[in-house]
Structures are given as C-alpha cells and as structure tokens.
Amino acid sequence: MKTFTHNMIRHFSGKHIAVLQILQAWFAAFALCNIGGLSSASVLSVLFFGAMLLLFSYGRKLTAAAQLPAHFSSVTRMLAGLFMLFYMASEHKGLTGGFDNRMFRFSYVAATAAGLFCLFLVCCRILMILFAAIRPRQYAKALSVRKKAAVFAVLLLCWLPWFLYNYPGVMTPDSISQFSQATGIIPYSSHHSLIHTLLFQLFYQIGFGLTRDPNAGIAFYIIFQMLTLAAVETAVISLLAKKGLPRLLLYAWILFWGLVPYNAIYAVTMWKDVLFSAFMLLYALVLYQLLTLPQWNRKEIWKLLLLLFISGWFTCMLRSNGLYVFVFLLPFTLFVFRRHMKIMLPLQAAILLLALFIKGPVPDYFGVTKPHFTESLSIPLQQVARVVDEGRSLTEEQRTLIEQVVDPDLIPSYYNPVISDPVKALVIYNNADYLSEHKADFFRLWMQLGLTYPRDYIEAFIDQTKGYWYPAPADMRTYEGISPNEVGLAWPHLLRGQIPVKISEILLKLPDLFPVYGILWSIGAFTWLMLFLMAFQFLYGGRRFLLVFLPFLATILTLLLATPVASDMRYAYPLLLGMPLLISTAVQTSRTVSEKKVSAVVFHAKKG
C-alpha cells in the first residue's frame with residue numbers, strides 16, 4: 001500500500017512539474033515575442049517555446065542535482081523579481097500589444113512580466129550553480145617583479161595608440177574649464193573637484209615649464225594618469241594571481257582593461273572621473289586584502305593601512321558623490337572590522353574629517369567659487385518640469401511660486417527627459433537665487449506635486465536614471481581630441497591621415513554591431529552583474545566580502561539620487577573599471593568557504 005501511494009505521489013508530482021514547466025516556457029516565449037515585436041503566428045514563436053522548454057527542463061535537473069546553499073530559492077526569486085521590475089519599468093510603454101483597452105493592455109503587460117520573471121529566475125539559478133563550479137588553482141603563485149612589470153607595460157602599450165591619436169589628451173568642455181582654472185584664466189571653482197584641478201595644475205606646470213608648450217603640459221598630466229591607472233590595475237592582477245585566480249581570468253582582465261576602447265580612451269581623458277575610479281578600485285582592493293589576512297601583523301599592516309587612507313581620502317575628494325560613497329560605506333566597514341576597531345575607527349575618522357575640512361573651510365578661506373545650489377537638484381527639477389511639461393493643472397499658489405524663478409510656459413521647450421542641464425540652465429539664467437533663498441517653500445511644492453501627480457514623478461525618475469539600471473547602450477560614451485574652445489587650445493593631430501580616423505571609427509562602432517561585445521558598453525548590464533555577484537556572494541561566499549562590492553553599489557545609488565544625465569559612462573566608470581575585481585572576489589571567496597567546509601568534514605572524520 002505504501003509503495004502504491006508513493007508511486008501515485010511521484011506520478012502526480014511529475015505531471016505537476018511538467019505542466020508548470022510548460023506554463024513557464026509559454027509565458028517566457030510570450031515575453032520574448034512581445035519584446036521582439038514578433039507575431040504570434042511567427043515560426044520563431046515555436047522555436048522560442050521549444051528553447052524555453054529545454055531551458056526550464058535543464059534548469060530543474062541542474063537545480064535538483066546540485067547541493068544548494070540556504071536561502072537559495074528566496075534570494076534567486078528576489079533577484080529575478082528585481083530584474084523583471086527594472087525591465088518592465090524601462091520598457092512597459094512598448095509592451096502593451098498595441099491595444100487601446102486598458103484591460104487588454106494590462107493583461108499583455110502582466111503576461112510579459114510573468115514570462116520575464118520565469119526566464120530571469122531560471123537563468124539566475126543556472127548561472128549561480130555554474131558559477132559556483134569555478135575554482136581557483138589549488139596552488140597559487142605570486143607574480144614575480146618581471147611579470148608585474150610586463151603587465152604594467154602591456155597596459156601602457158595598449159593605451160599608447162590612443163594617446164598618440166588624441167595627443168596631448170582628450171579635453172572636453174569640462175576639461176577646458178579645469179584647464180582655464182589651472183592656468184589662471186578664470187577663478188577656481190569647486191564645481192569640479194578642486195583637488196583634481198590642483199593636481200592637473202601641478203603636472204601641467206611641470207610639463208609647460210620644461211617645454212613652454214601647453215600641449216606638453218597637458219600630456220604630462222595624462223601620462224601621470226595613465227601610470228596611475230596601470231599601477232592600480234597591475235596591483236589587482238598581482239594580488240589575484242597570489243590568491244590563485246585562474247590564469248584565464250587574469251588574461252581576460254588584462255585584455256579588458258587594455259583593449260576595450262573606452263578603458264583606453266578614458267586613460268587619456270582629462271577627467272576627474274578617471275582618477276576617482278582608479279582610487280576607488282584601489283580602496284576596494286585594499287579592503288579585499290585586509291579581509292583575506294589571517295592576522296594583522298604590525299610590521300606589514302601599516303602599508304595596507306596607508307594605502308587605505310590615501311585611496312579613501314582621494315575617493316572622498318575627487319568627485320562630489322565620493323564623500324557620500326565613503327559615508328555610506330563607513331558603518332559597514334567598522335562592523336566588518338569590529339575586532340580591529342582601535343585601528344579602523346581612528347583611520348576612517350581621519351579620512352572623513354580631513355576630507356570635510358578641505359572640502360569646507362579651506363575653499364571658503366581662499367574664496368573658491370561654489371557651484372550653484374541648483375546643480376544638486378537634477379532629479380527634483382526634472383520631476384517638477386515633467387509635471388509642467390505634461391500640462392497638469394497647478395494651483396494659483398504653486399504657479400506663482402514657480403513664476404518667481406522662471407516662466408512656466410518656457411519649461412516645455414527646455415525640458416529633456418534624459419538630461420537635466422537645459423532645465424537647470426533655465427533656472428540659473430533667470431532667478432535661481434530666489435529658489436536658494438526659499439528652499440522650504442520649493443520643497444513643499446515638490447512634495448505637493450509629487451503627491452498629486454505621482455505617475456509623472458515616477459516617469460521622470462525612470463527617464464532620468466534608467467541608463468544606470470537597465471541594460472541598454474550608454475548614451476554618452478567617449479570623446480576624442482580637444483573640444484572647440486576659446487582658450488587657444490587646438491588638437492594637433494599627431495597621427496595624421498585617414499587611417500587612424502577610420503580605425504577609431506570602426507572600433508567605436510563595433511559595440512553597436514556585435515551583440516555580445518556590445519553588452520560591455522552597457523552600464524545597466526554591469527549593474528545587473530554586480531547585483532548577481534552580490535547575491536552569489538551572499539549565498540556561496542563569506543558575507544563579509546560584500547564590503548568589497550559596497551563602494552560600487554553606493555556609486556550607482558548616488559547617481560540615482562542626483563545624476564544630471566540618464567546614461568553617461570564616465571559617471572558609472574568606477575563600476576566598469578572595478579568589475580574584474582568583483583567577479584574575482586566572488587570566485588575567490590566561494591572557494592574559501594568551500595575549503596572550510598571540506599576541512600571541517602576531514603577533521604571530524606579523522607577524529608572519529
């Protein structure tokens with residue numbers, strides 16, 4: 001009787017699983033057809049359905065055969081749900097099936113969301129299990145001095161053609177502004193990082209003093225920047241090799257940093273974002289190294305603590321959101337290193353206090369011009385402008401308050417959903433001082449309009465930030481040469497002729513032609529990968545190593561609060577530059593936890 005009952009349960013359970021897989025495959029195929037704009041009668045819909053059946057069948061078998069960690073199901077569901085929400089938030093307007101009826105529109109969107117959730121869920125689970133199978137070499141070997149020098153030289157050689165092509169370096173309007181400050185054409189301003197401007201001024205004066213050539217002065221700074229980037233990346237490769245990362249991954253990271261064009265172009269671009277990204281990567285690397293030390297030896301630890309102080313301070317100073325990243329990270333850092341509180345608390349406090357002092361009283365004492373308050377209001381201004389642009393009704397009091405700053409009738413002609421600069425310029429060139437003097441009144445206005453028109457606020461936020469959390473090609477990528485300016489700088493075109501131009505054009509168009517390669521140019525894809533790695537770290541690795549991920553997560557979060565552009569690669573460059581370290585951390589620490597479990601089993605076996 002028991003055998004008969006058991007067989008019946010297995011029979012019905014098997015049928016239930018089969019029906020569930022068919023439903024999941026159908027919804028996933030429906031979502032893919034809707035996203036791709038395919039007709040339900042297209043033969044591709046049948047292929048999609050068949051492929052989804054195979055995928056879900058493989059996922060079920062793989063999951064059933066694997067030894068899954070605790071909370072695996074819950075975490076993967078949360079991750080799949082998050083990815084589905086991101087996708088639907090960005091693309092929901094085009095997924096209604098072209099229907100006018102609200103019920104049909106909702107049904108179409110809901111079915112697509114269900115299919116995406118099923119698809120993301122099975123993919124997350126399969127990738128988690130396969131990723132957990134990656135193991136570093138059992139016997140790690142540190143790189144020799146010669147090999148470190150070779151890595152350093154290879155990176156510089158990869159960037160050299162872009163340096164020669166863009167000589168003396170890529171100078172955008174922001175770069176020209178800092179050049180003007182460094183050369184005394186205009187007063188210093190903290191709109192851009194003052195520390196970065198002074199750093200550029202130092203190397204510019206050395207180069208200009210030796211050659212009396214402005215281009216050579218700029219090139220001196222660019223060379224310093226290239227050397228710094230190459231040194232940090234070599235340090236990452238060196239440590240990962242010492243920890244036993246597979247050689248194939250080490251070579252992949254060198255190729256990524258050396259050959260992917262935006263890494264090479266950013267290496268020769270005069271932006272604060274490049275050095276900021278380098279020092280954030282160094283800060284995360286030192287945190288990783290501190291976490292892997294079995295004990296803190298006083299003779300060796302001071303070098304790491306010095307690097308932590310330098311990289312942490314530059315992270316705070318080189319970009320306005322760097323300080324917020326550091327503050328966000330601070331409580332987690334102190335908690336993870338709570339056993340070394342006597343060392344870490346004074347160190348972290350010193351970084352923060354020194355940064356606050358140099359950002360606050362020092363510029364004020366020297367009369368450095370501050371950016372206008374409006375510069376920090378990208379998201380709120382876009383949301384209010386969206387309400388006005390949609391022609392929503394305003395109370396007399398609300399309209400009067402807006403009129404004190406700008407004519408509301410001008411806003412629709414300036415509002416751009418993906419960049420806040422036009423609206424900010426409209427405010428600044430009218431009566432921005434009134435806004436600064438009546439912050440509380442405008443805060444109430446912002447709150448009132450948000451409660452009255454929440455959909456407009458949500459749509460404005462999505463349009464202004466989606467490039468950082470939705471996988472799509474970045475709108476703003478790279479630049480070349482020296483932008484037109486009024487300070488006398490001109491691009492000398494060191495490499496003349498059409499061949500260098502054509503090579504550059506082809507290399508920069510490749511991401512739009514090759515799908516898999518193109519994902520390397522998507523900020524949102526890197527954000528999704530970071531979230532996947534964090535979930536993997538939570539499930540398979542030492543959770544204290546999540547600390548390494550937090551600076552990059554905080555960078556994206558600060559962009560969601562105040563980004564002026566919906567998708568600019570330089571703003572998210574810390575994440576792009578640091579991804580090799582994040583992937584390697586997940587691989588390395590999953591190995592560490594597994595070894596602990598194996599060691600425990602062996603120990604108990606011997607004891608028995």
Enquirer: Between Phe224 and Leu202, is any pair of side-chain heavy atoms under 4.5 Å apart?
Expert: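 Contact flag for Phe224/Leu202 side chains = no.
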Enquirer: Do other residues, nucleotides or ligands put more than 12 heavy atoms under 6.0 Å from Tyr58 OH?
Expert: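 Not more than 12 within 6.0 Å, no.
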Enquirer: Taking side-chain hydrogen bond (donor to acceptor under 3.5 Å, both in side chains) as the cut-off, I'd like each qualifying pair that reaches into residues 145-156, sequence neighbours left out, listed once.
Expert: none
Enquirer: Taking atom OH of Tyr414 as the centre, report whether more than 12 heavy atoms of other residues, nucleotides or ligands fall under 6.0 Å from it.
Expert: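 No - once you tally the heavy atoms of other residues, nucleotides and ligands closer than 6.0 Å, there are 12 at most.
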Enquirer: Taking the side chain as every heavy atom from C-beta outward, state whether Ser90 and Trp469 have any pair of such atoms under 4.5 Å apart.
Expert: yes
Enquirer: Is it the case that the side chain of Gln464 and the backbone of Pro564 share a donor-acceptor pair, with hydrogens and angles ignored and the cut-off at 3.5 Å?
Expert: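 The answer is yes, because a donor-acceptor pair under 3.5 Å joins these two groups.
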Enquirer: With side-chain hydrogen bond (donor to acceptor under 3.5 Å, both in side chains) as the rule and sequence neighbours excluded, what pairs involving residues 484-509 come up?
Expert: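 Output for this query lists Glu480-Ser504.
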Enquirer: Has Leu513 got more than 12 heavy atoms of other residues, nucleotides or ligands less than 6.0 Å from its CG?
Expert: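 Atom CG in Leu513 is crowded, with more than 12 foreign heavy atoms closer than 6.0 Å.
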Enquirer: Are the side chain of Glu233 and the backbone N or O of Ala278 linked by a donor-acceptor pair below 3.5 Å?
Expert: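 No.
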Enquirer: Using a 3.5 Å distance criterion without hydrogens, assess whether the side chain of Asn263 forms a donor-acceptor pair with backbone atoms of Phe256.
Expert: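 Between the backbone of Phe256 and the side chain of Asn263 there is a qualifying donor-acceptor contact (under 3.5 Å).
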Enquirer: Starting at CE of Met530, measure out to CG of Leu553 and round the result to the nearest 0.5 Å.
Expert: 4.5 Å
Enquirer: Could you name each residue pair satisfying side-chain hydrogen bond (donor to acceptor under 3.5 Å, both in side chains) that touches residues 118-133, not counting sequence neighbours?
Expert: Ser73-Arg125, Thr76-Arg125
Enquirer: Under the rule for side-chain contact (heavy atoms from CB on, under 4.5 Å), what residues qualify as partners of Leu54, not counting sequence neighbours?
Expert: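 Partners of Leu54 under the side-chain contact (heavy atoms from CB on, under 4.5 Å) test: none.
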Enquirer: Return the minimal non-hydrogen interatomic distance between Ala264 and Gly258, and the atom names on each side.
Expert: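 The pair with the smallest heavy-atom distance is CB-O, 4.3 Å.
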Enquirer: Filter on side-chain hydrogen bond (donor to acceptor under 3.5 Å, both in side chains), then keep only pairs touching residues 209-225, sequence neighbours left out; what's left?
Expert: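 For residues 209-225, and leaving out neighbouring residues, the side-chain hydrogen bond (donor to acceptor under 3.5 Å, both in side chains) pairs sorted by first residue read His196-Tyr221, Tyr221-Gln225.
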Enquirer: Partners of Ile310 by side-chain contact (heavy atoms from CB on, under 4.5 Å), sequence neighbours excluded?
Expert: Phe279, Leu306, Phe314
Enquirer: Just checking, any donor-acceptor pair under 3.5 angstrom between side chains of Thr589 and Gln537?
Expert: yes
Enquirer: List the atom of Ser584, the atom of Pro580, and the distance in Å for their closest heavy-atom pair.
Expert: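 Residues Ser584 and Pro580, closest heavy atoms: OG-O, 2.7 Å.
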Enquirer: Do you know which two heavy atoms are closest between Leu520 and Val260, and how far apart they sit?
Expert: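 Taking every non-hydrogen atom into account, CD1-CG2, 4.2 Å.
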Enquirer: So does Leu240 get a backbone contact from the side chain of Gln588, meaning a donor-acceptor N/O pair under 3.5 Å?
Expert: no
Enquirer: Using modelled atom types only, decide if a donor and an acceptor are shared between the side chain of Ser238 and the backbone of Thr234 within a distance under 3.5 Å.
Expert: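 Side chain of Ser238 to backbone of Thr234: no pair is present.
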Enquirer: Please report the C-alpha distance between Met270 and Tyr204 in whole Å, then the side-chain angles of each, then the deciding distance to 0.1 Å, and finally whether the side-chain contact (heavy atoms from CB on, under 4.5 Å) criterion is met.
Expert: CA-CA 11 Å; Met270 193 284 211; Tyr204 175 81; over 6 Å; no
Enquirer: Rounded to the nearest 0.5 Å, what separation is found between the CD1 atom of Ile218 and the CD1 atom of Ile223?
Expert: 12.0 Å
Enquirer: Is it the case that the side chain of Thr527 and the backbone of Tyr468 share a donor-acceptor pair, with hydrogens and angles ignored and the cut-off at 3.5 Å?
Expert: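 Checking the backbone N and O of Tyr468 against the side chain of Thr527, a donor-acceptor pair under 3.5 Å is found.
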Enquirer: What about Phe276 and Tyr573, are their ring centers closer than 6.0 Å?
Expert: no
Enquirer: If I take atom CG from residue Leu127 and atom CZ from residue Phe532, how far apart are they, to the nearest 0.5 angstrom?
Expert: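 Separation between the atoms: 5.0 Å.
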Enquirer: Counting distance only, does the side-chain N/O of Ser522 pair as donor-acceptor with the main-chain N or O of Pro473 below 3.5 Å?
Expert: no
Enquirer: Sequence neighbours left out, what passes side-chain contact (heavy atoms from CB on, under 4.5 Å) with Ser413? Give chain and number order.
Expert: none
Enquirer: Return the set of residues passing salt bridge (charged side-chain N to carboxylate O under 4.0 Å, His left out) with Glu459 (not counting sequence neighbours), or none when no residue passes.
Expert: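 Glu459 satisfies salt bridge (charged side-chain N to carboxylate O under 4.0 Å, His left out) with Lys93 only.
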Enquirer: How about Leu79 and Met128: do any of their side-chain heavy atoms sit closer than 4.5 Å?
Expert: yes
Enquirer: What do the steps show when you test Phe48 against Leu38 for side-chain contact (heavy atoms from CB on, under 4.5 Å), and what is the final call?
Expert: CA-CA 11 Å; Phe48 281 156; Leu38 295 176; 3.4 Å; yes
Enquirer: Test Leu329 against Tyr283 for side-chain contact (heavy atoms from CB on, under 4.5 Å), laying out the working first.
Expert: CA-CA 11 Å; Leu329 190 63; Tyr283 189 76; 3.4 Å; yes
Enquirer: Distance from Leu546 atom CG to Leu291 atom CG, nearest 0.5 Å?
Expert: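 One gets 10.0 Å once the value is rounded to the nearest 0.5 Å.
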Enquirer: Once side-chain contact (heavy atoms from CB on, under 4.5 Å) is applied, do any residues pair with Leu210, and if so which ones, sequence neighbours excluded?
Expert: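 Listed in chain order: Ile206, Phe220.
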Enquirer: For Pro173, is there any backbone N or O sitting under 3.5 Å from a side-chain donor or acceptor partner on Ser177?
Expert: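 Side chain of Ser177 to backbone of Pro173, a donor-acceptor pair under 3.5 Å: no, none is there.
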Enquirer: Kindly list each side-chain donor-acceptor pair under 3.5 angstrom involving residues 153-163, sequence neighbours excluded, with atom names and distances?
Expert:
from   : atom 1 : to     : atom 2 : distance (Å)
Trp159 : NE1    : Trp257 : O      : 3.1

Enquirer: Counting only heavy atoms not in Phe208, do more than 12 fall under 6.0 Å of its CZ?
Expert: yes
Enquirer: Can you tell me if Arg570 uses its side chain to pair, donor with acceptor, with the backbone of Met476 under 3.5 Å?
Expert: no
Enquirer: Ignoring hydrogens and geometry, is there a side-chain-to-backbone donor-acceptor pair from Thr558 to Thr555 under 3.5 Å?
Expert: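 Flag set: sc Thr558 to bb Thr555 pair under 3.5 Å.
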Enquirer: Quick one: closest heavy-atom pair of Met52 and Ala29, and the distance?
Expert: CG-N, 4.0 Å
Enquirer: Within the 4.5 Å heavy-atom criterion, are Thr478 and Val170 side-chain neighbours or not?
Expert: no
Enquirer: May I ask you to test the Ile176-Leu489 pair for a side-chain heavy-atom distance under 4.5 Å?
Expert: yes
Enquirer: Side-chain contact, heavy-atom cut-off 4.5 Å: Phe552 with Met280?
Expert: yes
Enquirer: Is there side-chain contact between Ser420 and Leu381, with at least one heavy-atom pair below 4.5 Å?
Expert: no
Enquirer: Is there side-chain contact between Ser320 and Glu375, with at least one heavy-atom pair below 4.5 Å?
Expert: no
Enquirer: Would Phe461 and Leu560 count as a side-chain contact (heavy atoms from CB on, under 4.5 Å) here? Give the steps.
Expert: CA-CA 8 Å; Phe461 177 80; Leu560 300 187; 4.2 Å; yes
Enquirer: For residues Tyr288 and Thr585, is any side-chain donor paired with an opposing acceptor at under 3.5 Å?
Expert: no
Enquirer: Rounded to the nearest 0.5 Å, how far does CG of Asn321 lie from OG1 of Thr315?
Expert: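 Reported value, rounded in 0.5 Å steps: 10.5 Å.
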Enquirer: Using the side-chain hydrogen bond (donor to acceptor under 3.5 Å, both in side chains) criterion, which residues pair with Ser567? Sequence neighbours excluded.
Expert: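 By the side-chain hydrogen bond (donor to acceptor under 3.5 Å, both in side chains) rule, Ser567 matches no residue at all.
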Enquirer: Work out which heavy atom in Phe86 is nearest to a heavy atom in Leu531; give both atom names and the distance.
Expert: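 Shortest heavy-atom contact: CE1-CD1, 3.9 Å.
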Enquirer: Could you pull out the closest heavy-atom pair between Pro261 and Tyr517, with the gap in Å?
Expert: CD-OH, 3.1 Å
Enquirer: If the condition is ring pair (Phe, Tyr, Trp, His ring centres under 6.0 Å), which residues does Tyr479 pass it with, not counting sequence neighbours?
Expert: Trp271
Enquirer: Relative to the ring of Phe120, is the ring of Tyr87 parallel (under 30°), tilted (30 to 60°) or perpendicular (over 60°)?
Expert: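 Tyr87 vs Phe120 ring planes: tilted.
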